[in-house]
Amino acid sequence: MLTTLCQIILKMSPIRNANTRAAYYRAIQQFLAWVERAGYQQLEDIEPITVAAYIETLQRQAAPPTVKQHMAAIRMLFSWLTEKGVLAMNPAREVKTERFSRTEGKTPAFVEGEVQTLLGAVDASTHTGLRDRALLGVLAYTFARIGAVVNLKVEDYYPSGKRFLLRFKEKGGKEKELPVHHKLEELLDQYLKASGLEKEPGSPLFPASIGKTGKLSRRPLVRTDAADMLKRRLKQAGLPAHYSPHSFRATGITNFLENDGTLEAAQRIAGHADSRTTKLYDRRGQKVLLEDMERIRY
């Protein structure tokens, strides 16, 4: 019964981002399943000590960021229930989690030279190869989220004066337009011309492949398709398998800042609402630390 309630509430949730909504759904579902196993049958039976006990259990099993996200989801659940008059009190309001902050993200960034190695290793003799190289190029030269990249249409790559722009649909329904780096422009132009997609503005910019034919359908890639493609290309290039599409975000932001770009500009390119989020992707500190440690000589 409680799990069914979770489904109803999240359908009515104000959270616009699908990924966040899905994460909150899983967190609330896990909490309500735990509550039912503990013997609670009615929402009114859940007290602050119940929520605190669940969080204490979760802290022994999960990392601090996960616990923090679960707590946010549970607070949202009970806030919604009290606002709608279902409950008189929010049992999650006074429950605290351990303070957690991070000065640097955990996403692995490519080592110098690896992005060029990856792009150079792609076989560009097929439409699929050209697509993969162009998609990886977009990730490398725009810091864009993979969800925004796979949602691009051909018409989202368009001329403005002497240069081309890419128009991304970002988190929260926001649109972002970025000038295209000249090297990325070359990759996109070659791909679109060879595939014939340049004549189909309404088609996905990065459609899925038709089996192993090397040809393209007109069905858009999804995020998991793109992530799987990256894993294959990393293996072909002889690079570590731990990189993800998000690694281009950390690498691009770090590279931009190393080449005298400003934090404010990096924030705008990345589409972050807060510059503190952009700082999490800056890996310059790792390089400085390594250089400092190498000063120790015996």
Side-chain angles (χ1 to χ4, degrees), residues 19 65 102-122 124 129 131-152 157 166 168 170-171 176 178-188 191 205-206 221 223-294:
N19 298 328
R102 178 178 285 154
T103 58
E104 193 174 87
K106 295 175 69 175
T107 303
F110 287 96
V111 175
E112 186 174 349
E114 288 186 334
V115 171
Q116 296 95 314
T117 299
L118 178 62
L119 293 174
V122 177
R131 178 207 65 187
D132 292 354
R133 190 176 64 175
L135 191 156
L136 296 172
V138 171
L139 290 172
Y141 285 106
T142 69
F143 325 159
R145 298 176 179 88
I146 187 60
V149 174
V150 296
N151 285 331
L152 287 168
Y157 174 60
L166 272 172
F168 296 95
E170 287 281 359
K171 293 171 70 173
K176 177 182 71 176
L178 289 178
V180 177
H181 192 286
H182 72 277
K183 289 187 178 179
L184 176 57
E185 199 172 307
E186 292 173 5
L187 298 179
L188 287 168
Y191 158 59
L205 182 58
F206 298 115
L221 280 176
R223 292 168 52 202
T224 52
D225 292 335
D228 290 343
M229 177 274 288
L230 173 59
K231 294 298 182 187
R232 290 195 303 273
R233 296 301 183 184
L234 286 168
K235 185 176 181 180
Q236 291 167 4
L239 296 174
H242 65 275
Y243 295 125
S244 71
H246 224 57
S247 296
F248 288 97
R249 206 157 164 78
T251 308
I253 289 172
T254 302
N255 183 282
F256 178 80
L257 294 172
E258 283 179 334
N259 287 290
D260 299 323
T262 66
L263 181 64
E264 293 75 18
Q267 178 188 348
R268 288 196 300 272
I269 296 169
H272 289 143
D274 192 322
S275 62
R276 288 174 295 183
T277 305
T278 310
K279 288 179 181 178
L280 292 175
Y281 290 87
D282 183 5
R283 298 293 185 273
R284 288 177 297 172
Q286 290 182 352
K287 295 183 180 181
V288 171
L289 179 60
L290 179 59
E291 290 170 3
D292 288 342
M293 296 307 295
E294 290 300 325

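Since the structure is predicted, the reported quantities are computational estimates derived from the model, not experimental observations.
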*Reported CG-to-CZ distance for the pair Leu188 and Arg131, which is rounded to 0.5 angstrom*: 13.5 Å
*Begin from the C-alpha positions of Val149 and Phe206 and carry the test side-chain contact (heavy atoms from CB on, under 4.5 Å) through to its verdict.*
CA-CA 8 Å; Val149 174; Phe206 298 115; 3.8 Å; yes
_Quick one, Val138 with Phe168, criterion side-chain contact (heavy atoms from CB on, under 4.5 Å). Give me CA distance, side-chain angles, the key distance, then yes/no._
CA-CA 11 Å; Val138 171; Phe168 296 95; 4.0 Å; yes
*asked:* Counting C-beta onward and ignoring hydrogens, is there a side-chain heavy-atom pair between Tyr157 and Val180 closer than 4.5 Å?
replied: yes
*Which atom pair, heavy atoms only, marks the closest approach of Val111 to Tyr243?*
N-OH, 3.6 Å
*Closest heavy-atom contact between Ala226 and Ile146?*
CB-CD1, 3.6 Å
_Please determine whether side-chain contact (heavy atoms from CB on, under 4.5 Å) holds for the pair Val115 and Leu239, giving the CA-CA distance in whole Å, both sets of side-chain angles, and the decisive distance to 0.1 Å._
CA-CA 10 Å; Val115 171; Leu239 296 174; over 6 Å; no
*Working to the nearest 0.5 Å, report the span between NZ of Lys231 and CD of Gln236.*
14.0 Å
*Please identify each residue that fulfils side-chain contact (heavy atoms from CB on, under 4.5 Å) with Leu230, with sequence neighbours left out.*
Leu118, Leu136, Leu234, Pro245, Phe248
_Quick check against the 3.5 Å criterion: does Asn255 have a side-chain atom that pairs as donor or acceptor with the backbone of Thr251?_
no
*Are Leu221 and Met229 side-chain neighbours, meaning at least one heavy-atom pair lies under 4.5 Å?*
no
*Taking the side chain from Ser247 and the backbone from Pro108, do they hold a donor-acceptor pair closer than 3.5 Å?*
yes
*In Å, rounded to the nearest 0.5 Å, how long is the span from CZ of Arg223 to CZ of Arg145?*
11.0 Å
*asked:* Going by side chain to side chain donor-acceptor pair (under 3.5 Å), name the residues that satisfy it together with Glu185, two or more places apart in sequence or in a different chain.
replied: none
*First locate atom CZ of Arg249, then atom OG1 of Thr142, and finally report the distance between them rounded to the nearest 0.5 Å.*
8.5 Å
*Identify the heavy atoms of Ala134 and Tyr191 that sit nearest to each other, and give their distance.*
CB-CD2, 3.9 Å
*Ala144 and Leu139: which non-hydrogen atoms are nearest, and at how many Å?*
O-CD2, 3.6 Å
*asked:* Within the 4.5 Å heavy-atom criterion, are Asp225 and Val150 side-chain neighbours or not?
replied: no
*asked:* Other residues, nucleotides and ligands only: do more than 12 of their heavy atoms fall within 6.0 Å of NZ on Lys235?
replied: no
*What is the minimum heavy-atom distance between Glu114 and Pro240, and which atoms define it?*
OE2-CD, 3.9 Å
